[in-house]
Every structure is written in C-alpha cells, then in structure tokens.
Visitor: 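Handing you this structure, nothing more for now.
In what follows, residues are counted from 1 in the order of the sequence shown.
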Amino acid sequence: MDQISKKLKGSLQIPKTALVEIEREVKNIPDFKEKIKKTLKEEITEILELLLGGAIILQASDIHLEPREEYAHLRIRVDGILQDVTDFNLEIYQKILTRIKLISGIKLNISDQPQDGRFSISLKESLIEIRVSTLPAEYGESVVLRILNPKNLISLEELGLRKELLEIFNREIKKPNGMIIVTGPTGSGKTTTLYAFLKKIQRPEIKIITIEDPIEYHLKGISQTQVNPAKGYDFANGLKAIVRQDPDVILVGEIRDTQTAKIAIQAALTGHLVLTTLHTNDAAGTIARLINLGAKSADIGPAINMAVAQRLLRKVCKKCSKKRKISSEELNKLKKELKKLPKKIKTPKLTKELKIPEAIGCKDCNFTGYRGRTGIFEAFLLDEEMEKFILTSPSIAAIKEKAIKKGMVTLKQDGLLKVLDGITTIEEVERVSGE
C-alpha cells in the first residue's frame, strides 16, 4: 500500500476552516444542495468533506449514495426521514466511492459483493465514527454511510420518558440482577436507551462488560467487545466468556438465537444485571419471542425485570409550529385511546376547545414542520402475578391486556400524551404507531 493510501485509511480530517465555512453556509437541506452544486467542480477531497460535514451539521443519521442509469442520487436521513439532496454525474460518484472505500478499508477491486467498513472523522474536539456499507445494485454499488455521533449519547432524563416511567426505569436499573429487554424495529433508538442505562449506573465499584455488533459508541470505563462471526466469536460464545470475567452488569447488543437467549437468562438468574434488545413489535411480544427462541416459560418470569418497547417520533419545530383547534374526529380519537389510562396520569380536559400542535414548515426544519426526535415508550414489570400468568402460555394479546390492566401505557397513548403536551402532532403519532 502506498504512503497516501496508508494515510487515508481509517480516518478523515475536516480542516477547521472548511468546517467553519460549511457551518456558515449550510443551515438546511436547500443550502446543502446549493453548496454541493458549487463544490462539484472541486477536488474529491473537498466534495467528501462537504458531504460529511454538511450531513453532520444537519444532524443526519445516514448518507445514501445511489447510482442510477445516467446519474447518482444523494439522500440523507434526518429525524428518521430520507430527504432528497441532489444528483451528480456517475464519474464524480465513482471517484467518491473509490475514496470512501480507501478510507474505510473496503477492497477496491470487489464490486459484485456487499462489503462493510468504517472510518472516523476528526471534527472540532470530537471523533465521529462512520460505518460504511456497500451493496451491488443494478447500475453500480449503492453506498450507505451511518453517522455515529457521540452527541447522540444522551442521559436517561433526555429520552422523553414520562415522570412515572422515568422513576420505574431508575428503580429497575439499580437492581443487582435480572434482565431489562428493550424492543423495537431497527432505528427505534434501542441502543441509545441501553447506553443511557449504562451512563446512569456506571461507577468505579461495578464492572460493566458489553458485547455488541458492532460497537457503536465508545464509553469510558466500560469493557466493550465486538462479535466476529468469521472467527467463531458470536454473541453466544462471547457471552459465555464474559460471564467468566466476573461482571456485575452485562450488555448484550441483541438476542438473536437460542443459545444467546438461554445464556443471557441464566446470567440474569445468577446474580448479573443483563441489558439487551430484541426485535418485536411491542413489549408484550418479548415473552413470545423468547419462547420461540427456546427459552423456558419457568425461567423467563424470574429472569426478566422489565420489558420495554419504544419508537422515535419527530417533535414539531419550535420556530414555525402553531396551535390549532382540535377537530371532532381527532377529539373522538383522543377520548377513545386515553380513556383506559391509569388514573394516576392526569390529562387536560378533552373538549372541543382543546388546541393541539400543527406542523407548518420553515427553513430551520427543512420545511418539514418537525425538528428533532423524542422517544415514546411502553413498559411492564414482571412481578409475581405476571410470572404465574406467563406459565399459562398466554397469547401476546392476553399479555398486553394483562399489562394494560396493571397500569401499562401503550406506545400510541404515550404519543398522544406528547400531543397534549405540545411536543408533536396526531399525524406523527399515527405514522409512527402504524394506526
């Protein structure tokens, strides 16, 4: 490998002067589009600096480069929604692709297989990790850059939890053993929640070890390990080794198979606090998913302390959003959904005079009407009554019904409470909850 290749591989430095200029000129996606058009005649280094620097400034989570028949298309994901940025010719795209591959350690001569790589960006005084995925497509390699900004590591108090749920979370993560499972689809903020747990409980007298795929953020004072299936180091093998390291708290990135599920449950039953994720649609689905993975009902109840489901929804833009009178149809929806809320949760009077947020759109929010995101949650505790109930092999619907009777607020209800608090819109809650 030549000296230039060695220097490029693994990291990218965005000069301070370039960053200052990008920050001054890129305030929204139209600005970003305009700036990129002006920069396309520059060297590839400048184009890539703008592409990454602009996406980070706009708080994008992903950059998508998609070759088409006659041009390449650029999109970025902001607040969970993909936004079109611009098109450019395939010659420039090919140069950008080559440079990205070089920096991220991906093989240049392979274009017919998917590849993964990563590199870091030195930006101001922080280091931002970029995960790279290439995929062979009809007109070339499609590239996705996942931006892992340490700024996204937030505290438990910043997740968007209701007061009573925050109190439950704080109580449960202080327990010396048991399992807390966070569920939801990809991109629903599960990792952010788990890391918020770790930040809250981390202290010198306890040992915390994580096993992840991959390590998304680096946390000081915590032992983090990454799976490597190609070398036989998967979640199950890694978890077996971790238990022998005498940890107090174990974070398992995801339970995907029978062996991992069984070892994690045993660890929770033998004096460890285990934090992990599962792919299910709601909190009640946690039990059925573990049983499908081969866990015993008799072990699940005693092992699990709390099951959580979460989604991320967009908050209305503070600069342009307005309040409007609620429609009769919307009022009926609110009354129907919120009538089963636990009595301890107080809401304003649901009358036709009620005013709710409306998304408008301005330069500050890229004309979407939304800026930033917050979490909505549902969670239930596995107490003695719920343990006995699980032994009867109930359906997911029955578990959900039982949890609601015991005081669980559903994802949709949590979202609608945020509408009443002026944080988001009914349309956004319906989009995220799928109802």
Side-chain angles (χ1 to χ4, degrees), residues 8-14 19 22-23 32 48-65 74-83 96 99-106 114-135 142-156 158-159 182 184-199 202 208 210-228 235 251-254 275-277 279 310 312 372-375:
L8 279 171
K9 189 175 177 183
S11 65
L12 178 75
Q13 182 89 33
I14 299 180
L19 188 62
I22 296 167
E23 282 182 320
F32 192 31
L48 196 55
E49 283 173 3
L50 172 60
L51 186 63
L52 291 160
I56 290 165
I57 285 162
L58 293 173
Q59 297 179 18
S61 60
D62 304 88
I63 301 169
H64 293 245
L65 292 160
L74 170 64
R75 297 191 288 174
I76 62 174
R77 191 180 293 279
V78 179
D79 292 334
I81 305 292
L82 276 170
Q83 308 268 359
I96 293 172
R99 184 60 59 92
I100 289 170
K101 281 186 165 187
L102 193 61
I103 299 169
S104 56
I106 288 175
Q115 294 191 79
D116 294 310
R118 65 191 297 151
F119 64 93
S120 57
I121 298 177
S122 183
L123 199 67
K124 290 186 178 176
E125 271 143 37
S126 66
L127 206 62
I128 295 173
E129 294 280 335
I130 308 291
R131 270 190 8 225
V132 182
S133 170
T134 66
L135 187 74
S142 174
V143 185
V144 176
L145 308 177
R146 164 63 68 86
I147 301 167
L148 300 170
N149 195 332
K151 240 172 52 174
N152 297 333
L153 283 176
I154 57 177
S155 69
L156 208 55
E158 296 171 291
L159 291 176
V182 182
T186 302
S188 59
K190 299 186 298 295
T191 301
T192 301
T193 298
L194 290 185
Y195 279 34
F197 286 159
L198 293 185
K199 284 177 75 177
Q202 184 186 3
I208 301 172
T210 77
I211 179 162
E212 304 169 65
D213 181 23
I215 295 170
E216 293 199 10
Y217 301 100
H218 297 278
L219 299 170
K220 285 183 181 177
I222 290 172
S223 301
Q224 293 175 270
T225 177
Q226 183 169 310
V227 299
N228 188 345
F235 276 115
L251 184 150
V252 183
E254 185 187 341
L275 310 173
T276 190
T277 71
H279 279 286
Q310 71 175 74
L312 292 174
R373 289 192 290 176
T374 189

Visitor: Considering only heavy atoms from C-beta outward, does the side chain of Leu127 approach that of Ser122 to under 4.5 Å?
Guide: yes
Visitor: Measuring only between side-chain heavy atoms, which start at C-beta, is Leu51 closer than 4.5 Å to Leu74?
Guide: yes
Visitor: Would you say the side chain of Leu153 lies within less than 4.5 Å of the side chain of Leu219, judging by non-hydrogen atoms?
Guide: yes
Visitor: Kindly give the heavy-atom pair with the smallest separation between Ile63 and Ala55, and that separation in Å.
Guide: CD1-CB, 3.6 Å
Visitor: Please list, chain by chain and in numerical order, all residues satisfying salt bridge (charged side-chain N to carboxylate O under 4.0 Å, His left out) with Glu23, sequence neighbours excluded.
Guide: Lys124
Visitor: Would you compute the distance between atom CD of Gln115 and atom CD1 of Ile106 and round it to the nearest 0.5 angstrom?
Guide: 5.5 Å
Visitor: Would you mind reporting whether Phe197 and Leu251 have side-chain heavy atoms less than 4.5 Å apart?
Guide: no
Visitor: For the atom pair NE2 (His64) and CZ (Arg146), what is the distance rounded to the nearest 0.5 Å?
Guide: 8.0 Å
Visitor: So do Ile96 and Val143 actually touch side chain to side chain, heavy atoms under 4.5 Å?
Guide: no
Visitor: Tell me, please, which residues at least two apart from Ser133 pass side chain to side chain contact (heavy atoms under 4.5 Å, CB included).
Guide: Asp116
Visitor: Identify, with sequence neighbours excluded, every residue that meets side chain to side chain contact (heavy atoms under 4.5 Å, CB included) alongside Arg118.
Guide: Glu129, Arg131, Leu148, Pro214, Gln226
Visitor: Look at the side chain of Thr277 and the backbone N and O of Val182, then say whether any donor-acceptor pair between them is shorter than 3.5 Å.
Guide: no
Visitor: Can you tell me how far apart CG (Asp79) and CZ (Arg373) are? Round to the nearest 0.5 Å.
Guide: 6.0 Å
Visitor: Identify, with sequence neighbours excluded, every residue that meets side chain to side chain contact (heavy atoms under 4.5 Å, CB included) alongside Thr186.
Guide: His279
Visitor: With rounding to the nearest 0.5 angstrom, report the OG1 to CG distance, Thr193 to Leu312.
Guide: 7.5 Å
Visitor: Taking the side chain as everything from C-beta on, heavy atoms only, tell me whether Leu50 gets closer than 4.5 Å to Ile22.
Guide: yes
Visitor: Might you point out which heavy atoms bring Pro185 and Ser188 nearest each other, and give the distance in Å?
Guide: O-OG, 2.7 Å
Visitor: Taking Gln310 for its side chain and Gly375 for its backbone only, find out whether a donor-acceptor pair lies under 3.5 Å.
Guide: no
Visitor: What closest approach, in Å, do Ala196 and Ile154 show between heavy atoms, and which atom pair accounts for it?
Guide: CB-O, 3.5 Å
Visitor: Are Leu145 and Leu52 packed together at the side-chain level, in the sense that at least one heavy-atom pair is separated by less than 4.5 angstrom?
Guide: yes
Visitor: Report yes if some heavy atom in the side chain of Tyr195 is under 4.5 Å from a heavy atom in the side chain of Asn152; otherwise report no.
Guide: no
Visitor: Evaluate side chain to side chain contact (heavy atoms under 4.5 Å, CB included) for Val252 paired with Leu275, printing each intermediate quantity in order.
Guide: CA-CA 6 Å; Val252 183; Leu275 310 173; over 6 Å; no
Visitor: When rounded to the nearest 0.5 angstrom, what distance separates CD1 in Ile56 from CG in Asn149?
Guide: 6.5 Å
Visitor: Residues in salt bridge (charged side-chain N to carboxylate O under 4.0 Å, His left out) with Glu254, at least two apart?
Guide: Arg256
Visitor: What distance separates Gln202 CD from Ile208 CD1, expressed to the nearest 0.5 Å?
Guide: 5.5 Å
Visitor: Is it the case that the side chain of Lys190 and the backbone of Thr276 share a donor-acceptor pair, with hydrogens and angles ignored and the cut-off at 3.5 Å?
Guide: no
Visitor: List the atom of Phe235, the atom of Gly253, and the distance in Å for their closest heavy-atom pair.
Guide: CE2-N, 3.7 Å
Visitor: What's the verdict on side chain to side chain contact (heavy atoms under 4.5 Å, CB included) for Thr210 and Leu198, showing C-alpha distance, side-chain angles and the deciding distance?
Guide: CA-CA 10 Å; Thr210 77; Leu198 293 185; 4.0 Å; yes
Visitor: When you look at Ile100 and Thr134, which way does the side chain to side chain contact (heavy atoms under 4.5 Å, CB included) test go after all the steps?
Guide: CA-CA 10 Å; Ile100 289 170; Thr134 66; over 6 Å; no
Visitor: Applying side chain to side chain contact (heavy atoms under 4.5 Å, CB included), can you list everything that pairs with Thr374, at least two apart in sequence or on another chain?
Guide: Leu313, Lys315, Lys418, Ile423
